[in-house]
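This report refers to the structure that appears directly beneath it.
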Amino acid sequence: MRSILRNTSLLGLSKGTAAIASLAVLALAARDLGPTGVGFLLLVHSYAMAASSLTHFQSWQVIIRYGSRPLAEGDPEPFRRAVSFALGLDLLTGIGGMLLAMALLPLLAGWFGIPDNLRTPALLYCLLIPTMASGAANGVLRSLDRFDLIAWQSPIDAWVRLALVIGAYLLNLDLIAYLIIWAATDLLGDIYLWSAAIQELRRRGWLKGLRPTVRARGLEGGWRFAFTVNLTASVNSAWGPVARLLVGGLLSPAATGLYRVATSLIDAVQSPIDLMAKAVHPELMRHDPSSSRPWRLMLRTMALGTMVALLAWVLIGLFGERLLALVFGPEFTPAAPLLTVLLMLPVIATLAFPLPAMFYSLGKPGGPLVANILGAMVFVGSLPALTTAHGLVGAGAALVLGRLCSFLVMSAQLAFLYRQHRSTKGGVEATGHLG
């Protein structure tokens with residue numbers, strides 16, 4: 001638990017400063033471009049992010065799954081094999097995702113609300129997709145407990161972006177300038193993470209001999225695990241970039257801008273929970289899932305996350321509309337009703353965040369996948385009807401319903417696995433006494 005708190009504190013400090021800068025960036029862009037302009041900016045960015053999320057294999061989870069426990073036991077070879085496999089996955093999915101996104105853009109741009117004059121910039125933005133595949137770098141640093149290095153990525157990205165956006169705001173530059181700033185700072189953050197991971201591997205003498213490969217040599221069930229977590233992450237993208245694209249297509253680019261402004265405040269509330277999720281995953285993987293310790297750890301982190309989020313939840317609930325007007329401008333106060341609906345998301349997140357890591361530690365990666373598929377189906381299935389009837393508020397309601405469904409399904413599955421664990425443990429103890 002102390003390791004989780006230390007790593008969460010490191011990430012929390014970096015994410016906290018980055019969140020301040022990110023809110024300032026969005027506020028300046030919103031005031032300069034207005035709801036429609038910032039909506040166009042976010043649609044182009046979200047298209048590339050959605051393509052990346054849908055195609056990447058979340059290779060960092062492969063490294064943690066197959067490398068963390070052997071590393072803790074003093075054996076680096078399984079870790080090195082997992083890193084090579086993860087590098088191969090990143091290379092394959094990065095280039096493949098870029099080509100697929102470019103090929104589909106002419107067909108999808110109009111439906112998502114990306115106008116003709118932004119299709120070429122959107123096509124060029126897709127060139128960033130291979131660099132977004134930094135899963136292997138992230139997995140290396142997490143497995144080596146170098147959360148201090150990971151902690152620098154978000155501030156570097158956010159504060160450099162803020163400096164450039166301040167310049168664009170003062171010079172009254174156009175939307176294309178903002179797109180260039182977003183692309184350049186995305187690239188900068190990814191380059192930093194890769195550099196940190198390479199340096200850490202070199203320092204330990206583990207860099208030599210590492211080669212990208214798509215052969216899961218020595219990693220039992222490697223491809224099956226990679227496919228499962230990829231599908232889980234792909235479905236998860238429905239909640240973020242894909243949701244923004246759907247809102248743009250069903251409503252308007254201006255609605256996308258309002259939607260993103262509201263979700264940015266919710267993201268700020270949820271950021272402590274997201275950080276704890278990143279810290280708890282490697283910790284759970286280090287423990288024997290047949291013991292009671294990971295189950296107790298999961299419950300303790302859920303309780304701690306709930307306490308942290310409740311304070312932020314109350315603050316946003318009391319001052320949300322004033323924050324919208326103060327930070328983003330009066331044009332964005334129509335997002336206040338949506339913000340009220342979305343306040344249910346941090347509550348769900350505090351209860352759900354350790355559950356996927358627990359499934360992975362038990363060797364059951366299909367659990368979160370089933371839950372997220374069902375949740376995404378509820379979200380996407382209810383979104384058209386709810387947005388037609390209630391506009392932006394309907395979009396928020398659909399998001400909450402989908403997240404709630406996903407949490408309930410995961411909880412039911414994990415409760416079943418826990419009962420199995422208790423009955424198996426009881427049977428073993430009874431056999432021991434009889435013997």
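Small disclaimer: the values here were computed from a predicted structure and weren't measured. Residue numbers count from 1 along this sequence.
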Backbone N or O of Gly248 within a donor-acceptor pair of the Tyr259 side chain at under 3.5 Å? no
For Ser52 and Ala48, indicate whether the former's side chain and the latter's backbone hold a donor-acceptor pair under 3.5 Å. no
Interatomic distance, Leu265 atom CG to Leu26 atom CG [nearest 0.5 angstrom]: 8.5 Å
What are the two closest non-hydrogen atoms of Arg31 and Gly329, and how far apart are they? NH2-N, 3.6 Å
Quick one, Arg81 with Ser84, criterion side-chain hydrogen bond (donor to acceptor under 3.5 Å, both in side chains). Give me CA distance, side-chain angles, the key distance, then yes/no. CA-CA 5 Å; Arg81 289 195 294 268; Ser84 293; over 6 Å; no
Is there side-chain contact between Met49 and Ile129, with at least one heavy-atom pair below 4.5 Å? no
Heavy-atom side-chain proximity of Asp157 to Tyr192 below 4.5 angstrom: no
Please tell me if the side chains of Leu374 and Val378 come closer than 4.5 Å, counting only heavy atoms from C-beta onward. no
Going by salt bridge (Lys or Arg N to Asp or Glu O under 4.0 Å), name the residues that satisfy it together with Arg403, two or more places apart in sequence or in a different chain. none
From Thr387 OG1 over to Leu392 CG, what is the distance, rounded to the nearest 0.5 angstrom? 9.0 Å
Spell out, as yes or no, whether a donor-acceptor pair under 3.5 Å connects the side chain of Gln153 to the backbone of Leu193. no
Report yes if some heavy atom in the side chain of Leu219 is under 4.5 Å from a heavy atom in the side chain of Phe225; otherwise report no. no
Salt bridge (Lys or Arg N to Asp or Glu O under 4.0 Å) filter on Glu331, not counting sequence neighbours, yields none
Would Phe79 and Leu201 count as a side chain to side chain contact (heavy atoms under 4.5 Å, CB included) here? Give the steps. CA-CA 11 Å; Phe79 169 78; Leu201 289 169; 3.9 Å; yes
Set of residues satisfying salt bridge (Lys or Arg N to Asp or Glu O under 4.0 Å) with respect to Arg146, sequence neighbours excluded: Asp148, Glu200
Check: Ala29 main-chain N/O paired with Tyr169 side-chain donor or acceptor under 3.5 Å: no
Donor-acceptor contact present, side-chain Ser46 to main-chain Leu43, <3.5 Å: no
Begin from the C-alpha positions of Trp182 and Val44 and carry the test side chain to side chain contact (heavy atoms under 4.5 Å, CB included) through to its verdict. CA-CA 10 Å; Trp182 250 251; Val44 171; over 6 Å; no
Can you name the closest pair of heavy atoms from Gly37 and Leu175 and give their distance? O-CD1, 3.7 Å
Interatomic distance, OG1@Thr55 vs CG@Leu89, rounded to 0.5 Å, equals 11.5 Å
Search all heavy atoms of Ala51 against all heavy atoms of Gly97 and return the closest pair with its distance. CB-O, 4.4 Å
Using side-chain heavy atoms (C-beta onward) and a distance below 4.5 Å, is Ile373 in contact with Val370? no
If you count the non-hydrogen atoms of other residues, nucleotides and ligands that lie under 6.0 Å from CE in Met377, is the total more than 12? no
Where Ala262 and Leu339 come nearest, the two heavy atoms and their spacing: O-CD1, 3.5 Å
How long is the gap from CG on Leu324 to CG on Leu338, to the nearest 0.5 Å? 9.0 Å
Between atom CZ of Phe416 and atom CD of Gln413, what is the distance when rounded to the nearest 0.5 Å? 10.0 Å
Donor-acceptor check, side chain of Ser143 to backbone of Val140, threshold 3.5 angstrom: yes or no? no
Looking at every non-hydrogen atom in both residues, tell me the closest pair between Gly367 and Met410 and how far apart they are. O-CG, 4.4 Å
Worked check of side chain to side chain contact (heavy atoms under 4.5 Å, CB included) between Asp90 and Trp194: CA-CA 12 Å; Asp90 281 352; Trp194 279 108; 3.7 Å; yes
Min side-chain heavy-atom separation Leu144-Leu71 under 4.5 Å: yes
Steps toward side chain to side chain contact (heavy atoms under 4.5 Å, CB included) verdict (Leu33, Phe40): CA-CA 9 Å; Leu33 301 175; Phe40 285 141; over 6 Å; no
Test side-chain contact (heavy atoms from CB on, under 4.5 Å) applied to Ile176 - qualifying residues, sequence neighbours left out: Leu118, Pro121, Asp174, Leu179, Ile180
Can you tell if the side chain of Pro212 reaches within under 4.5 Å of the side chain of Phe85, non-hydrogen atoms only? no
Do side-chain atoms of Arg161 reach the backbone of Ser22 as a donor and acceptor pair under 3.5 angstrom? no
Please check: side-chain N/O of Thr340 versus main-chain N/O of Ala336, any donor-acceptor pairing under 3.5 Å? yes
Donor-acceptor pair, distance only, cut-off 3.5 Å: does the side chain of Ser59 make one with the backbone of Val62? no
Ile156 versus Leu188, closest heavy-atom pair with distance: CG2-CD2, 3.8 Å
Can any side-chain N or O of Trp223 pair as donor or acceptor with the backbone N or O of Val214 at less than 3.5 Å? yes
Which residues pass the salt bridge (Lys or Arg N to Asp or Glu O under 4.0 Å) test with Asp32, sequence neighbours left out? none
Side chain to side chain donor-acceptor pair (under 3.5 Å) against Arg119, all qualifying residues, sequence neighbours excluded: Asp116
dist Leu399:CG -> Leu342:CG (nearest 0.5 Å) comes out at 6.0 Å
With the side chain counted from C-beta on, respond yes when Leu187 and Leu128 share a heavy-atom pair under 4.5 Å apart, and no when they do not. yes
